[in-house]
Amino acid sequence: MRTRVSEAGTTVARMADHDTLASTREGYDSAAPTYARLFRDELRDRPLDRALLSAFAEVVGASGNSRVADLGCGPGHITSHLAGLGVAVFGVDASPAMVETARRSFPGLRFEVGSMAALDIADGTLGGVLSRWSVIHTPPDHLPVILAEFHRVLAPGGHLLIGFSATDGPANPTQVFDHAVAPAYRWWPDHLAALLGESGLAEVARTVREPQPTDRRQFQEVYLLARKAPAPDRPGAV
């Protein structure tokens, strides 16, 4: 059984689907072959990302529940990397073309079409959720619904690793930026961490990567590791 976060949350989720999901899906459907080619080997030159994904896999595995959803999985290359780290991972993406690309590239893994605003995942069943730049097309007013879904599907003590681009400073909690596929948003890290806290996900760790000369966009890249509170009789630790 799966439950909705609230009647109001359901309404907002449907609005998000109606207003933004269709255009985002259409954009990524058309870009799927190019996107897969451009990003297939991206981790090769990103040792920090590899280290963070490895740490995420380790803390998830230590919880005793290695089931992980890679939300916004795109062509599946990060899902495959996580599988190689020993977690029971599956991918979800709003773009059917991306999902088909992932299935062809990694036939041994599971990929599904779905919306982060209304995940077809039972309550409290995941040890981990990866959201690696998958919320960038979420309008700021709709982000709390997405974060509530992350909280809902995580088991007590489960971890979220969320990656995003930072705004220019604390005076700008959110900013729009140009993106080839659909309107996109950046967040000031403290602001997004506060939204996580309001959703019941406590920040555990944070990394900030400064833009490099070869980066396509000159934004800070941020990863937040957050945790759902453990069950009262299982305090646990990171």
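With hydrogens and angles ignored, the 3.5 Å screen pairs no side-chain donor or acceptor of D93 with any backbone N or O of M98. The closest donor-acceptor contact from the side chain of K228 to the backbone of P156 lies at 3.5 Å or more, if one exists at all. Although no hydrogens or angles enter the test, the distance criterion places no donor-acceptor pair under 3.5 Å between the side chain of Q175 and the main chain of P173. A donor-acceptor pair is defined here as one N or O able to donate and one able to accept, closer than 3.5 Å; such a pair exists between the side chain of T167 and the backbone of N172. The closest donor-acceptor contact from the side chain of R67 to the backbone of G128 lies at 3.5 Å or more, if one exists at all. Judged by distance alone, the side chain of S199 and the main-chain N or O of L201 form no donor-acceptor pair under 3.5 Å. Judged by distance alone, with hydrogens and angles left aside, the side-chain atoms of S54 form no donor-acceptor pair with the main-chain N or O of R50 at under 3.5 Å. Looking at H191, its side chain never comes within 3.5 Å of a backbone N or O of P170 through a donor-acceptor pair.
Put simply, OG on S66 and CG on L85 are 12.0 Å apart, with the number rounded to the nearest 0.5 Å. The CZ atom of R206 lies 9.5 Å from the CG atom of L192; values are rounded to the nearest 0.5 Å. Of the inter-residue distances, the one linking H151 atom NE2 with D123 atom CG reads 10.5 Å to the nearest 0.5 angstrom. The CE atom of M116 sits 8.5 Å away from atom CG of L143, with the distance rounded to the nearest 0.5 Å.
L147 places a side-chain heavy atom less than 4.5 Å from the side chain of L196. In this structure, the side chains of E198 and P144 stay at 4.5 Å or more apart for every pair of heavy atoms. H159 is not listed as a side-chain neighbour of V129, based on a closest heavy-atom distance of 4.5 Å or more. Taking the side chain as every heavy atom from C-beta outward, F56 and L160 never approach each other to under 4.5 Å. Proximity of P211 to F219: side-chain heavy atoms (C-beta onward) are nowhere separated by under 4.5 Å. Side-chain contact check for T125 versus N65: every heavy-atom pair is 4.5 Å or farther apart. F90 is not listed as a side-chain neighbour of L71, based on a closest heavy-atom distance of 4.5 Å or more.
Looking at W133 and S165, their side chains do bring a donor and an acceptor atom within 3.5 Å of each other. Side-chain polar atoms of Y223 and R132 form a donor-acceptor pair below 3.5 angstrom.
Following chains of ILVMFWY side-chain contacts shorter than 4.5 Å, one can reach V208 starting from I162, so the two form part of one hydrophobic cluster. Both V60 and L225 belong to a common hydrophobic cluster when Ile, Leu, Val, Met, Phe, Trp and Tyr are linked at side-chain heavy-atom distances under 4.5 angstrom.
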Just do the salt bridge (Lys or Arg N to Asp or Glu O under 4.0 Å) check on R209 and D49 with the steps written out, would you?
CA-CA 10 Å; R209 176 183 177 273; D49 286 45; 5.2 Å; no
Evaluate side chain to side chain contact (heavy atoms under 4.5 Å, CB included) for D168 paired with R186, printing each intermediate quantity in order.
CA-CA 9 Å; D168 296 331; R186 298 188 280 153; 3.2 Å; yes
Show me, pair by pair, the donor-acceptor contacts under 3.5 angstrom made by side chains of residues 75-83, not counting sequence neighbours?
residue: H77; atom: NE2; partner: F39; partner atom: O; Å: 3.3
residue: H77; atom: NE2; partner: E42; partner atom: OE2; Å: 2.7
residue: T79; atom: OG1; partner: D70; partner atom: OD2; Å: 2.6

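The existence of a salt bridge linking E221 and R46 is confirmed by a sub-4.0 Å separation between a basic side-chain nitrogen and an acidic carboxylate oxygen.
Contact detail for Q212 and E210: the closest heavy-atom pair is NE2-O, 2.8 Å. Here the shortest heavy-atom pairing between A102 and G74 reads CB-O, 3.9 Å. Considering all non-hydrogen atoms of both residues, R227 and G157 come closest at NE-O, 3.4 Å.
Taking Ile, Leu, Val, Met, Phe, Trp and Tyr as members and joining any whose side-chain heavy atoms lie under 4.5 Å apart, directly or through other members, the hydrophobic cluster of L109 also contains V99, F106, F111, V113.
When the options V222, V135, L224 are evaluated for a side-chain contact (heavy atoms from CB on, under 4.5 Å) with W187, the one that passes is V135.
Checked against the 6.0 Å centroid criterion, the rings of F177 and Y185 do not qualify as a close aromatic pair.
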